[in-house]
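Heads up: the structure comes next, in structure tokens.
Being a predicted model, the structure only gives us computed values, none of them experimental.
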Amino acid sequence: MRPAGYDPPVTAPEQSYRERRERFAGEAARLARRSNGLSWARLAAAAGVVAFLFQGLLAAAAPPAWVWIGAAAFAVAFAALALAHDRVIRRQRRWSELAAINEEGLARIARRWSALPPGPRPPGAAEEGAPAQPPALPAFARDLDLFGPRSLARLLGTARTPVGRATLARWLLDPAAPEEARARQ
């Protein structure tokens with residue numbers, strides 16, 4: 001328990017995580033504003049297509065050529081805006097994910113367990129949502145609390161894929177020669 005008013009010193013990794021989180025979140029916000037602008041531009045282009053086609057319907061038997069040219073121009077503009085918008089959306093998602101990764105790093109440093117994703121499960125553990133059947137773990141794994149809600153595996157568990165999580169769990173349970181341990185790091 002920390003004394004009242006105690007603020008621990010900010011570490012270099014914590015400062016790096018904060019700076020990157022702010023930079024990435026700022027870029028994601030900038031891209032979100034740009035995405036919003038492109039959405040409105042796409043809406044305007046679609047409205048232009050509709051307006052020209054409506055003009056064509058209102059014309060007598062044969063609409064003038066400028067109606068088709070205008071509709072085609074707005075359709076091309078819409079397509080170009082859609083492609084640009086897709087690129088902006090992908091970039092925004094990437095920057096948002098980078099901000100979230102750094103936020104997760106801050107949560108790991110502060111040991112805010114509720115902000116961390118579930119860690120890898122030990123080999124042989126039931127899938128999430130299945131009835132719990134605890135796997136047979138070596139005594140050291142239980143003693144060191146390698147797996148569970150406040151465990152080393154959860155603290156280290158930055159792997160996102162099932163294969164990555166399984167590899168981390170296996171590495172925590174299987175001893176490795178010093179050369180192999182250095183290569184893993």
*asked:* Between R93 and E97, does any NZ, NE, NH1 or NH2 come within less than 4.0 Å of an OD or OE carboxylate oxygen?
replied: no
Separation between OG (S96) and CD1 (I101), nearest 0.5 Å, reads 11.0 Å
Legend entry - Beyond-backbone contact of L98 with R21, side-chain heavy atoms, under 4.5 angstrom: no
So CZ of F24 and CZ of R94: to nearest 0.5 Å the spacing works out to 8.0 Å
Review point. Would a 4.5 Å heavy-atom cut-off, applied to side chains only, mark Q55 and W66 as touching?
Key: yes
- Query: Heavy atoms, side chains only, cut-off 4.5 Å: are L155 and W113 in contact?
  - Reply: yes
Between R20 and N102, the two heavy atoms sitting closest are NE-OD1, 2.8 Å
| request: Could you tell me whether R34 atom CZ has more than 12 heavy atoms of other residues or ligands within 6.0 Å of it? | output: no
message: Does this structure show an ion pair linking R18 with E22, if we count only N-O contacts that are shorter than 4.0 Å?
response: no
For F74, the ring pair (Phe, Tyr, Trp, His ring centres under 6.0 Å) test, sequence neighbours excluded, returns F52
Are E27 and R30 ion-paired here, with the side-chain N under 4.0 Å from a carboxylate O?
yes
Sorted by chain and residue number, the side-chain contact (heavy atoms from CB on, under 4.5 Å) partners of A115 (sequence neighbours excluded) come out as A107, R112
| said: Under 4.5 Å between side-chain heavy atoms, counting indirect links through other Ile/Leu/Val/Met/Phe/Trp/Tyr residues: same cluster for L168 and L173 or not? | reply: yes
Here the pair of heavy atoms bringing V88 nearest to L31 is CG1-O, 3.5 Å
Here the pair of heavy atoms bringing L53 nearest to A71 is CD2-CB, 4.0 Å
For the hydrophobic clusters of this structure (ILVMFWY residues joined by side-chain heavy atoms under 4.5 Å, transitively), does one cluster hold both W95 and L38?
yes
In this structure, CD of Q15 is separated from CG of L106 (nearest 0.5 Å) by 9.5 Å
_Go through it in stages, so that I can follow the logic: the residues are R170 and T167, the test is side chain to side chain contact (heavy atoms under 4.5 Å, CB included), and I'd like the CA-CA distance, side-chain angles, deciding distance and then a yes or no._
CA-CA 5 Å; R170 193 176 63 251; T167 300; 3.7 Å; yes
Check: Is it the case that more than 12 heavy atoms not belonging to W68 sit under 6.0 Å from its CH2 atom?
Finding: no
Closest heavy-atom pair, Q92 versus A28, reported as atoms and distance to 0.1 Å, is CG-O, 3.7 Å
Side-chain donor or acceptor of R42 paired with backbone N/O of F78 under 3.5 Å: no
Closest heavy-atom pair, R108 versus L116, reported as atoms and distance to 0.1 Å, is CG-CD2, 3.4 Å
Closest non-hydrogen atoms of L81 and A45, given as atom of the first, atom of the second and distance, are CD1-CB, 4.2 Å
Would you call E19-R23 a salt bridge at under 4.0 Å N-O? no
To the nearest 0.5 Å, atom CZ of R91 lies from atom OG of S35 at 11.5 Å
